[in-house]
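Just so you know, these numbers use all the heavy atoms, side chains as well, and skip hydrogens, waters and symmetry mates.
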2 protein chains.
Amino acid sequence: MKKKQTSPNISKNFMDHNHDLCFESALKDFKQHFIEKELKLTPLRLKVFQLLLKDHRPLGAYQILDLLRKDGFSSTPPIAYRVLDFLIEHGFVHKIKKLNAFVACSHPGNSHSPTFMICRKCEKVAEINEKESGLKFNKETSSEFKIEEAIIELIGICKNCTKIEVI
Amino acid sequence: MKKKQTSPNISKNFMDHNHDLCFESALKDFKQHFIEKELKLTPLRLKVFQLLLKDHRPLGAYQILDLLRKDGFSSTPPIAYRVLDFLIEHGFVHKIKKLNAFVACSHPGNSHSPTFMICRKCEKVAEINEKESGLKFNKETSSEFKIEEAIIELIGICKNCTKIEVI
DNA sequence: TTAGTAATGTTATAATATAACATTGACTTA
DNA sequence: TAAGTCAATGTTATATTATAACATTACTAA
Ligand SMILES: [Zn+2]
Ligand SMILES: [Zn+2]
Ligand SMILES: [Zn+2]
Ligand SMILES: [Zn+2]
């Protein structure tokens, strides 16, 4: 008998988890997509993506520039914005409008319309897909308006921070 | 027998409509809320709201400043941002993150979590409420994350621009 | 009155983002 | 191999969006 599939843990980013594994797995995926899509994986692109994988917290462009500087990269604004544009265009990174900041995508490779949960306490972010969010627009809306892009950002308190709050 | 209620026309802002009526009605509502909430309706606050009511297109803070200047108001950045903050705080105005711009609220007075449809062609915006959008989050998401605020902005093509496109 | 306060005015600067052009280095191909 | 091409990165300057800090005004309340 097939084991019952548990629902995916959408809160993983907020909770303790083996982040080394998490990091390495995302990085492997990232590299694989570069190969499959025949994109050029430069040191700068790799570095910026690694920075964004650090701890599920978004980074602003100027934070990224500071970190690049420390690693000996050039660090004028266009450097960061160009690499971010590239990574966004190819689906590796998203911008969080609420924060004017950037996160590594959790489902890279496929074009998709992400929903974000943003914890205002720990400042971590988790990306969830349409199935996980259960988010649906009704028929009338679709007939009234042809949706091409949806920005959905949920701001609140994550499971972990709720747990801590209660005590 | 009561006449059957037709569904609210969520596309009104995008279509031809009696905008003088639309404008005056919104303005009357606005003034009424100031009275009910005992807020001070200053010339500046009134002017900024009127500017935002002009044509269902969002205005940037610096556009608003230009328009204020033409009307003899002071027009340094804090003037606009302070009035906008006030109007947002009291539910008369929303900020569209996608555009870094501001729109008059369509359901002023009540605290609510608006969804915006943004037409990338005519650049008009319509605000829809939860019922109209049919937008719902599933139970699991709620238990995993306590949502306090939701930013939802749908970018696409409105009914009117679709009609024009087809020809 | 005068002291308090909300609103507006003013100056300066912070934070975010892009335009325009120069240089580098890898790859092509004559 | 030398010249040409092009994507990536480097550099300088500037645009756009937003806030901090303090001054003035004008109404209100002892
Ligand atoms: Zn992780
Ligand atoms: Zn949290
Ligand atoms: Zn109207
Ligand atoms: Zn349109």
**Nucleic acid footprint by protein, nucleotides 20-30 of chain D - heavy-atom cut-off 4.0 Å, B for base, S for sugar-phosphate alone** = BB---------
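Comparing atom distances between the B/Thr42 side chain and each of C/dA7, D/dA8, C/dA17 picks out C/dA7 as nearest.
Remark: P of D/dA7 and CG of A/Asp85 are 16 Å apart, rounded to the nearest angstrom. The nearest whole Å value for the distance from the CG atom in A/Leu46 to the P atom in D/dT9 is 11 Å.
Salt-bridge formation is not detected for the pair B/Asp85/B/Arg82: no Lys NZ or Arg NE/NH1/NH2 atom is positioned less than 4.0 Å from an Asp or Glu carboxylate oxygen. Contact check on A/Lys98 versus B/Glu149 returns a salt bridge, with a Lys/Arg side-chain nitrogen under 4.0 Å from an Asp/Glu carboxylate oxygen. Between A/Asp55 and A/Lys124 there is no salt bridge, since no side-chain nitrogen of the basic residue lies less than 4.0 Å from a carboxylate oxygen of the acidic one. Between A/Lys97 and A/Glu153 no salt bridge is recorded (no basic side-chain N to carboxylate O distance below 4.0 Å).
Between B/Phe116 and B/His94, a ring centre-to-centre spacing shorter than 6.0 Å is recorded. Checked against a 6.0 Å centroid threshold, the rings of A/Phe34 and A/Phe92 count as neighbours.
Side-chain atoms of B/His56 and B/Glu123 include no donor-acceptor pair closer than 3.5 Å. Using modelled atom types and a 3.5 Å distance limit, the side chains of A/Glu24 and A/His19 yield no donor-acceptor pair.
Looking at heavy atoms from C-beta onward, A/Val125 lies in side-chain contact with A/Ile96 at the 4.5 angstrom threshold.
Taking a 4.0 Å limit (strictly below) on heavy-atom distances, residues 67-76 of chain B reaches DNA chain C at B/Ser74, B/Thr76. Taking a 4.0 Å limit (strictly below) on heavy-atom distances, residues 87-102 of chain A reaches DNA chain C at A/Lys95, A/Asn100.
Checked by distance alone, B/Tyr62 brings a side-chain donor or acceptor within 3.5 Å of a matching partner on the base of D/dA18.
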